[in-house]
Amino acid sequence: MITYLFLFFALLALGTAILVVTNKSTVNSALALVFHMLSIAGLYLLLRAQFLAVVQVLVYAGAIVVLFLFVIMLLNLEKEENLFAEFSFKHAAAFFAGIAVLAQLLYALGSWTGVLPEFADQMIAIGTVEAIGDELFTTYLLPFEVTAILLTAAVVGALMIAQRKLKSRDQ
Amino acid sequence: MAELTFSLIVMGISLFMLLNSAAVAVYAERRIAAFIQNRVGPNRVGPFGLLQPIADVLKLILKEDVTPTLGNKALHTIAPMLPVFTALITIAVIPFGEGIYITDINVGVLYLLAVASLGVYGVTLAGWASNSKYSLLGGLRAAAQMLSYELPMGVAVASVVLFAASLSVVEIVDSQEVWWNIIRNPLGFIIFTVAAFAEANRTPFDLVEAEQELVGGFHTEYSSMKFGMFFLAEYMHVVIASMLITTFFLGGYHLPFAGLWLPEMSPVWKGILDVSVFVAKTGFFVFFFIWVRWTIPRFKYNQLMKLGWEKMLPLAILNFVVIAGAILLYNEFF
């Protein structure tokens with residue numbers, strides 16, 4: 001079962017990643033990206049990294065891709081006919097069914113077992129919030145702080161750019 | 001195995017109750033709105049109009065289902081399912097009583113925030129797929145509003161996590177057995193409640209569907225049961241938000257200061273008491289949501305953004321830092 005789920009999520013991640021690049025409509029690309037993020041979260045979950053899985057959904061699927069969609073819709077980059085041409089219900093259903101069947105075929109024909117390693121209790125404990133917090137604030141404190149400074153600098157930079165535009169509009 | 005069976009039973013009952021609570025909430029909203037405006041409200045269908053929600057749903061099912069010709073049909077169909085889906089999967093980690101929950105995961109709080117953040121997609125995609133100006137504006141407003149208010153909400157929840165020293169929702173409720181978080185962390189309670197209003201797109205933050213400016217907002221182009229799904233999702237989100245406020249700040253299923261005076265009881269009676277207390281608190285907050293809707297007028301959009309970014313977020317962060325410092329000092333010296 002776990003092997004099948006792994007194959008399913010892996011194929012879904014690959015398929016949606018290809019869709020992100022090849023799709024002509026930007027909104028559909030963004031939606032494929034959402035599914036890509038979710039399937040990656042599924043893979044993390046199979047590796048017993050629950051914290052990483054939830055944060056993947058929270059940050060990438062929940063916030064960043066929403067911002068992508070927001071910008072795409074706001075700018076409306078495309079021509080009208082291009083916008084709605086590509087995507088239909090049938091295609092989406094066929095895509096997901098195809099992924100499921102392909103994973104099943106690979107699972108049955110390849111008869112793979114042990115794709116994922118055996119998990120010792122200690123390894124499972126590494127994926128919890130407590131373990132990650134512990135490591136982050138002891139062993140990796142310096143990289144953590146440096147990342148924080150980097151992010152602060154990026155936010156300040158973004159604010160600067162936004163402010164400058166605002167001022168020039170006022171004058 | 002017995003544990004799994006119990007989880008499945010709890011899941012079945014809570015999903016059933018949640019779906020029906022939407023109908024109850026619609027009836028309650030119409031009656032309370034009527035009471036506040038000195039009207040009678042629906043009182044024709046069944047005793048006290050209790051069967052009105054059933055009549056409403058029947059009417060919605062019989063309506064013609066219209067899809068805009070130039071809209072994106074697939075997304076237009078999928079969009080209404082998303083908010084219902086996110087509302088339903090939220091209850092997976094909420095404890096309804098001592099030992100009565102579907103699952104207790106180590107990252108329960110983050111799970112709740114992640115699911116809440118996925119709720120944006122339904123409204124945004126609905127607005128986009130309709131190919132109409134009003135819908136698109138409604139969808140864009142929804143995306144911006146929900147992203148903005150997720151931040152203060154997350155920080156307010158983080159200040160709750162500090163007291164429990166755990167991200168498990170069950171442990172957060174356990175930590176409130178004597179002192180509810182509303183007493184220990186009143187500012188966090190206010191911030192979380194306001195943000196919950198914004199996340200549920202309820203007045204005073206319902207700019208997503210502001211009638212005067214946007215006709216019907218993101219669901220202008222929706223009819224029949226697709227519109228019904230949005231309706232259902234809105235009220236389920238009200239119920240879910242009430243459950244979250246109860247769980248995080250009002251001690252979940254605990255009576256006030258229960259740890260000090262409540263005697264030991266048999267598991268069955270304790271279970272019945274717990275669930276009743278939880279339902280009563282949730283019911284009060286559903287009433288509160290409705291009460292606010294018919295009392296307070298809508299914000300302007302710039303006021304909404306200003307409130308979110310300039311007032312709520314700094315306040316939430318300040319609250320978080322002060323509480324963290326206070327807990328650190330308390331642990332150091334007592």
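In the text below, chain A, chain B and the rest are named by the order of the sequence lines, each starting its count at 1.
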Given the options B:Val115, B:Val120, B:Leu118, which has more heavy-atom pairs under 4.5 Å with chain A than any of the others? B:Leu118
Under 4.5 Å to a heavy atom of chain B? For A:Gln56 that would be neither
Any non-hydrogen side-chain atom of A:Val55 less than 4.5 Å from a side-chain atom of B:Val107? no
Interface moiety of A:Val34 toward chain B, non-hydrogen atoms closer than 4.5 Å: side chain
Max heavy-atom pairs within cutoff under 4.5 Å with chain B, candidates A:Val66, A:Leu69, A:Val65, goes to A:Val66
Counting only heavy atoms not in A:Phe96, do more than 12 fall under 6.0 Å of its CZ? yes
Within a reach of under 6.0 Å around CZ of B:Phe85, are more than 12 heavy atoms found that belong to other residues, nucleotides or ligands? no
With a cut-off of 6.0 Å (strictly less than), are more than 12 heavy atoms of other residues, nucleotides or ligands near OH of A:Tyr60? no
Which heavy atom in A:Gly62 sits nearest to a heavy atom in B:Leu147, and how many Å separate them? O-CD2, 4.1 Å
With rounding to the nearest 0.5 angstrom, report the CG to CD distance, B:Asn106 to A:Gln50. 4.5 Å
Which bit of B:Ala144 comes within less than 4.5 Å of chain A, counting heavy atoms only: side chain, backbone, both or neither? both
Qualifying residue, where the test is side-chain contact (heavy atoms from CB on, under 4.5 Å) with A:Val54 and the options are B:Leu113, B:Val109, B:Leu110: B:Leu110
Mark yes or no for whether B:Tyr121, through its side chain, and A:Ala61, through its backbone, hold a donor-acceptor pair below 3.5 Å. yes
Take a 6.0 Å sphere around CZ of A:Phe35 and say whether it holds more than 12 heavy atoms from other residues, nucleotides or ligands. no
